[in-house]
A.B. asks: 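Submitted below is the structure of interest, expressed as structure tokens.
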Amino acid sequence: MPRTVRAGEQALIISKDGRSRIVEGPARIFVWPSEEFFMMRRFSATQQQYIAIKMRDGTLQHYPGPCVKFLNTLTMESVTVQNATALDANEVLVVYRYDDDKKTVSRRIQHGPSVYMPAADEWLHKFVWHGTDPNNKTKKVPGILKFTKLRVIPDQFYYNCEEVRTKDDALLTVKVMMFFEIRDIETMLNQTIDPIGDFINSLQADIIAFASQLRYEEFVDSIGKLNQLESYQQLVERSRKVGYEVTKVINRGYHTTDRLQKLHDQAVEKRSTLKVAMDTEQQQQDLTDYKLHNEQQQNAIKQALELDSAKHQYQLQKSQLLHTIKLTNEQQLEVLEREKAKKLSELYSQRAADEEKLAHYSNLKKLGVDLTSYFVSQNPKPEHVIKVVATGNGSGSAIHVHP
């Protein structure tokens with residue numbers, strides 16, 4: 001019977017004696033009645049895929065795309081087209097490889113960005129971690145998070161630490177948010193199979209240890225310390241040992257039983273009322289102090305202004321008095337200078353006259369004039385002459401005046 005094999009197809013022909021042959025198209029063949037004719041199933045892979053073939057002898061073969069393979073049922077058990085694994089820049093794969101010659105298994109880290117197509121002797125590490133409950137983002141469920149691509153960027157998760165008891169046996173639920181970042185993938189693979197589970201256990205241990213040392217009221221007053229990494233020594237140490245770094249833990253608050261919460265709310269309300277009253281009284285006292293302080297400042301300013309005004313008046317009066325004294329002194333000095341000048345002028349005139357007379361008398365003397373007679377002739381005879389005669393000696397003497 002004639003059969004046609006089109007281009008891009010393959011056919012398997014098996015004879016009764018067990019021999020077989022493969023016919024590639026395009027072809028036109030004749031099939032004998034003693035032969036069986038089978039069209040082979042075609043499998044194709046794109047650039048983002050590969051073809052995995054499982055042989056009947058148990059071996060595996062992988063062919064990266066783009067490629068085409070046909071299922072030969074005589075030698076092949078199955079043929080499947082698998083998608084390659086695309087990695088972003090912040091993702092890695094943990095790849096294991098079996099060395100048949102050395103009979104050993106090696107491990108390597110496949111970093112992104114890249115497209116990974118496994119070889120036949122390679123397989124990926126499958127991570128199974130605690131994951132977020134789909135119905136409650138603050139609850140972690142063991143084994144719910146399964147993946148092969150490991151993210152290496154900073155991450156965070158919410159968690160409610162339940163059944164935390166204080167020193168006075170108050171039952172609390174503490175809510176936190178933790179930020180973390182992977183630092184060493186090899187250390188993580190060697191030291192833990194579930195780092196999220198390790199984080200949760202360490203986080204609970206630190207919070208329980210913190211609360212157990214405090215009474216409920218003390219815990220409420222000290223809850224701000226749960227925002228500090230110093231309060232999470234076990235968490236920080238465990239994260240370091242498994243290749244992670246905890247960068248921050250934020251306390252999102254807490255809640256307790258309804259009855260305790262009600263008592264706490266009542267106590268808070270009472271304290272708030274007392275605090276408001278105290279603040280009101282304090283504000284009134286502050287207002288009174290402020291008014292007194294302002295009055296004191298105003299009085300001080302007023303006194304300072306009055307003092308400045310008095311000083312100013314004193315300075316004005318002093319300046320005026322000094323100016324008056326200066327003017328008086330200047331006037332007196334001016335009068336004295338005028339009198340001095342007048343006296344000097346008179347003296348100089350008298351001196352000139354005397355010098356003129358002296359010169360005249362000198363000339364007369366040189367001419368042989370008797371100056372005594374000249375002086376007598378210049379002065380007329382007096383009308384009266386008074387003669388004073390003293391008589392006696394010692395204490396008995398007497399003075400007689402004769403006109």
Side-chain angles (χ1 to χ4, degrees), residues 48 83-98 104-119 121-162 174-210 225-252:
Q48 303 295 325
N83 291 323
T85 303
L87 296 176
D88 294 334
N90 55 10
E91 294 176 331
V92 300
L93 293 173
V94 180
V95 182
Y96 294 93
R97 182 167 188 165
Y98 177 72
T104 57
V105 176
S106 61
R107 182 176 66 196
R108 65 183 177 88
I109 307 299
Q110 177 74 30
H111 293 271
S114 63
V115 177
Y116 170 72
M117 296 183 184
D121 55 354
E122 291 182 342
W123 68 96
L124 299 178
H125 183 96
K126 293 183 179 180
F127 296 94
V128 182
W129 291 358
H130 276 70
T132 303
D133 188 341
N135 300 321
N136 185 357
K137 70 175 183 179
T138 62
K139 184 178 181 181
K140 298 298 179 182
V141 179
I144 195 173
L145 183 60
K146 299 178 181 180
F147 59 95
T148 56
K149 292 191 290 186
L150 177 65
R151 294 192 301 176
V152 292
I153 58 175
D155 205 350
Q156 71 282 331
F157 65 82
Y158 295 90
Y159 185 68
N160 288 356
C161 186
E162 301 176 348
V174 181
K175 300 181 288 186
V176 295
M177 183 179 182
M178 195 187 88
F179 296 80
F180 59 94
E181 183 177 357
I182 191 168
R183 293 299 187 187
D184 192 332
I185 299 175
E186 292 290 345
T187 301
M188 183 268 292
L189 294 172
N190 293 331
Q191 296 296 328
T192 182
I193 59 174
D194 185 0
I196 301 298
D198 293 341
F199 294 158
I200 292 173
N201 292 334
S202 301
L203 198 60
Q204 285 182 321
D206 285 324
I207 293 176
I208 290 173
F210 176 83
K225 294 181 179 180
L226 291 179
N227 289 318
Q228 304 172 1
L229 282 179
E230 290 77 7
S231 300
Y232 302 93
Q233 297 295 328
Q234 298 183 61
L235 174 63
V236 172
E237 180 64 21
R238 182 56 185 168
S239 65
R240 184 186 63 80
K241 288 183 178 180
V242 298
Y244 277 82
E245 178 186 4
V246 176
T247 57
K248 186 187 302 184
V249 178
I250 297 178
N251 172 38
R252 298 169 41 247

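The basis for the numbers below is simple: all heavy atoms, side chains too, and nothing from hydrogens, waters or symmetry mates.
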A.B. asks: Any chance you could measure Gln234, atom CD, to Ser202, atom OG, to the nearest 0.5 Å?
C.D. replies: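 So the gap between those two atoms works out to 6.5 Å.
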A.B. asks: Search all heavy atoms of Asn251 against all heavy atoms of Lys175 and return the closest pair with its distance.
C.D. replies: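 Closest pair (atom of Asn251, atom of Lys175, distance): OD1-O, 3.2 Å.
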A.B. asks: Is there a donor-acceptor pair closer than 3.5 Å between any side-chain N or O of Asp133 and the backbone N or O of Val141?
C.D. replies: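 No, Asp133 side chain to Val141 backbone: no donor-acceptor pair under 3.5 Å.
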A.B. asks: Does Asn227 offer a backbone N or O that forms a donor-acceptor pair with the side chain of Tyr232 under 3.5 Å?
C.D. replies: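 Between the backbone of Asn227 and the side chain of Tyr232 there is no qualifying donor-acceptor contact (under 3.5 Å).
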A.B. asks: Looking at CZ of Phe147 and CH2 of Trp129, how far apart are the two atoms once the value is rounded to the nearest 0.5 Å?
C.D. replies: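 That separation rounds to 4.0 Å.
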A.B. asks: Got a second to check how far Leu150's CG is from Asn90's CG, nearest 0.5 Å?
C.D. replies: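 Between Leu150 CG and Asn90 CG, I get 10.0 Å after rounding to 0.5 Å.
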A.B. asks: What residues form a side-chain contact (heavy atoms from CB on, under 4.5 Å) with Arg240, not counting sequence neighbours?
C.D. replies: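 Glu237.
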A.B. asks: Are Pro134 and Ile144 side-chain neighbours, meaning at least one heavy-atom pair lies under 4.5 Å?
C.D. replies: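 Result yes, sub-4.5 Å side-chain heavy-atom pair found.
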A.B. asks: Walk me through it: do Arg252 and Asn160 pass the test side-chain contact (heavy atoms from CB on, under 4.5 Å)?
C.D. replies: CA-CA 9 Å; Arg252 298 169 41 247; Asn160 288 356; 3.5 Å; yes
A.B. asks: Sequence neighbours left out, what passes side-chain contact (heavy atoms from CB on, under 4.5 Å) with Val94? Give chain and number order.
C.D. replies: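 Applying side-chain contact (heavy atoms from CB on, under 4.5 Å) to Val94 gives Tyr96, Arg107, Ile109, His125, Phe127, Leu189.
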A.B. asks: Can you name the residues that form a side-chain hydrogen bond (donor to acceptor under 3.5 Å, both in side chains) with Glu245, not counting sequence neighbours?
C.D. replies: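 Here the qualifying residues are Arg183.
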A.B. asks: If you take the centroid of each ring, where Trp contributes its six-membered ring, are Tyr244 and Phe199 closer together than 6.0 Å?
C.D. replies: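 Judged by ring-centre distance (under 6.0 Å), Phe199 and Tyr244 do meet the cut-off.
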A.B. asks: Verify, without hydrogens or angle tests, whether Ser239 (side chain) and Leu235 (backbone) share a donor-acceptor contact under 3.5 angstrom.
C.D. replies: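 Yes; at least one donor-acceptor contact below 3.5 Å.
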A.B. asks: Nearest 0.5 angstrom please: Ile196 CD1 to Asp155 CG, how far?
C.D. replies: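 Answer rounded to 0.5 Å: 7.0 Å.
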A.B. asks: Does Ile250, at its CD1 atom, have more than 12 non-hydrogen atoms belonging to other residues, nucleotides or ligands within less than 6.0 Å?
C.D. replies: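 Yes, CD1 of Ile250 has more than 12 neighbouring heavy atoms, counting only those of other groups under 6.0 Å.
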A.B. asks: Looking only at heavy atoms, what is the nearest atom pair of Gln156 and Phe179, with distance?
C.D. replies: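 It is CB-CD2, 3.6 Å.
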A.B. asks: Can you name the nearest heavy-atom pair linking Arg97 to Asp121, along with the distance?
C.D. replies: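 Taking every non-hydrogen atom into account, NE-OD2, 3.2 Å.
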A.B. asks: Could you measure the distance from the CZ atom of Phe157 to the OG1 atom of Thr138? Nearest 0.5 Å is fine.
C.D. replies: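 If I round to the nearest 0.5 Å, the distance is 11.5 Å.
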A.B. asks: Roughly how far apart are Leu87 CG and Arg151 CZ, rounded to 0.5 Å?
C.D. replies: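 One gets 13.5 Å once the value is rounded to the nearest 0.5 Å.
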A.B. asks: Look at the side chain of Ser231 and the backbone N and O of Lys225, then say whether any donor-acceptor pair between them is shorter than 3.5 Å.
C.D. replies: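 Judged by distance alone, yes, a pair lies under 3.5 Å.
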A.B. asks: Run the side-chain contact (heavy atoms from CB on, under 4.5 Å) test on Leu226 and Val176 for me, step by step, so that the C-alpha distance in whole Å, both residues' side-chain angles and the decisive distance to 0.1 Å come before the verdict.
C.D. replies: CA-CA 9 Å; Leu226 291 179; Val176 295; 5.7 Å; no
A.B. asks: Report yes if some heavy atom in the side chain of Val246 is under 4.5 Å from a heavy atom in the side chain of Leu229; otherwise report no.
C.D. replies: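 Of all side-chain heavy-atom pairs linking Leu229 with Val246, at least one is under 4.5 Å.
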A.B. asks: Pick out which of Gln110, Glu122, His111 makes a side chain to side chain donor-acceptor pair (under 3.5 Å) with Tyr116.
C.D. replies: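 Only match with Tyr116 under side chain to side chain donor-acceptor pair (under 3.5 Å): Glu122.
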A.B. asks: Is the number of heavy atoms from other residues, nucleotides or ligands under 6.0 Å of Tyr158 OH greater than 12?
C.D. replies: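 No, not enclosed.
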A.B. asks: Suppose the criterion is side-chain hydrogen bond (donor to acceptor under 3.5 Å, both in side chains): which pairs have a residue in residues 139-150, not counting sequence neighbours?
C.D. replies: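 Every pair satisfying side-chain hydrogen bond (donor to acceptor under 3.5 Å, both in side chains) with a residue in residues 139-150: Thr132-Lys140.
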A.B. asks: Return each pair, listed once, that meets salt bridge (Lys or Arg N to Asp or Glu O under 4.0 Å) where at least one residue sits in residues 193-210; pairs must be two or more places apart or across chains.
C.D. replies: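 Counting only pairs at least two positions apart or across chains, the salt bridge (Lys or Arg N to Asp or Glu O under 4.0 Å) contacts touching residues 193-210 are Asp198-Arg238.
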A.B. asks: Checking Asp184 now: which residues fulfil side-chain hydrogen bond (donor to acceptor under 3.5 Å, both in side chains) with it, not counting sequence neighbours?
C.D. replies: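 side-chain hydrogen bond (donor to acceptor under 3.5 Å, both in side chains) list for Asp184, sorted by chain: Thr187.
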